[in-house]
Peer 1: 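Take this structure, written in structure tokens, and hold onto it; I'll ask about it next.
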Amino acid sequence: MAHVISDACVSCGACEGACPVGAISMGDDHMQIDAGACVDCGACEAACPTGAISAE
């Protein structure tokens with residue numbers, strides 16, 4: 001089960017740098033996670049300063 005990023009995201013990019021598999025990139029409105037590439041490690045959730053990332 002992949003993690004998801006909510007609208008609370010401020011597009012700071014902290015999660016992108018924390019992702020060990022490069023599954024996070026900038027989307028239309030905020031950062032987004034490629035569910036197919038996500039290994040559900042939680043590194044992005046821990047790195048997010050706004051708490052916008054959670055397990056789906």
Side-chain angles (χ1 to χ4, degrees):
M1 180 164 49
H3 279 68
V4 292
I5 302 177
S6 74
D7 289 339
C9 175
V10 295
S11 303
C12 69
C15 57
E16 185 176 19
C19 182
V21 295
I24 303 175
S25 61
M26 186 61 199
D28 292 336
D29 299 323
H30 53 72
M31 304 304 287
Q32 63 184 14
I33 299 175
D34 177 350
C38 179
V39 294
D40 203 30
C41 68
C44 58
E45 188 174 3
C48 182
T50 64
I53 304 174
S54 61
E56 186 172 62

Peer 1: How close do Cys48 and Ile53 get, heavy atom to heavy atom, and via which atoms?
Peer 2: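 Shortest heavy-atom contact: CB-CD1, 3.9 Å.
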Peer 1: Any side-chain heavy atom of Val4 within less than 4.5 Å of one from Ser54?
Peer 2: yes
Peer 1: Could you tell me which non-hydrogen atom of Ile24 sits nearest to which non-hydrogen atom of Cys19, and how far apart they are?
Peer 2: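 Distance-wise, the nearest heavy atoms are CD1-CB, 4.0 Å.
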Peer 1: So how far is it from Ile5 CD1 to Glu56 CD, rounded to the nearest 0.5 Å?
Peer 2: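 Ile5 CD1 to Glu56 CD: 11.5 Å, rounded to 0.5 Å.
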Peer 1: Show the nearest heavy-atom pair for residues Cys38 and His3, with the distance to one decimal.
Peer 2: SG-N, 3.7 Å
Peer 1: How far apart are the closest heavy atoms of Met26 and Gln32, and which atoms are they?
Peer 2: O-NE2, 4.3 Å
Peer 1: If every non-hydrogen atom of Ala18 is compared with every non-hydrogen atom of Ala43, which pair is closest and at what distance?
Peer 2: O-CB, 3.6 Å
Peer 1: Closest approach of Ile33 and Cys44, non-hydrogen atoms and distance?
Peer 2: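 For Ile33 versus Cys44, the nearest heavy atoms are CD1-SG, 4.2 Å.
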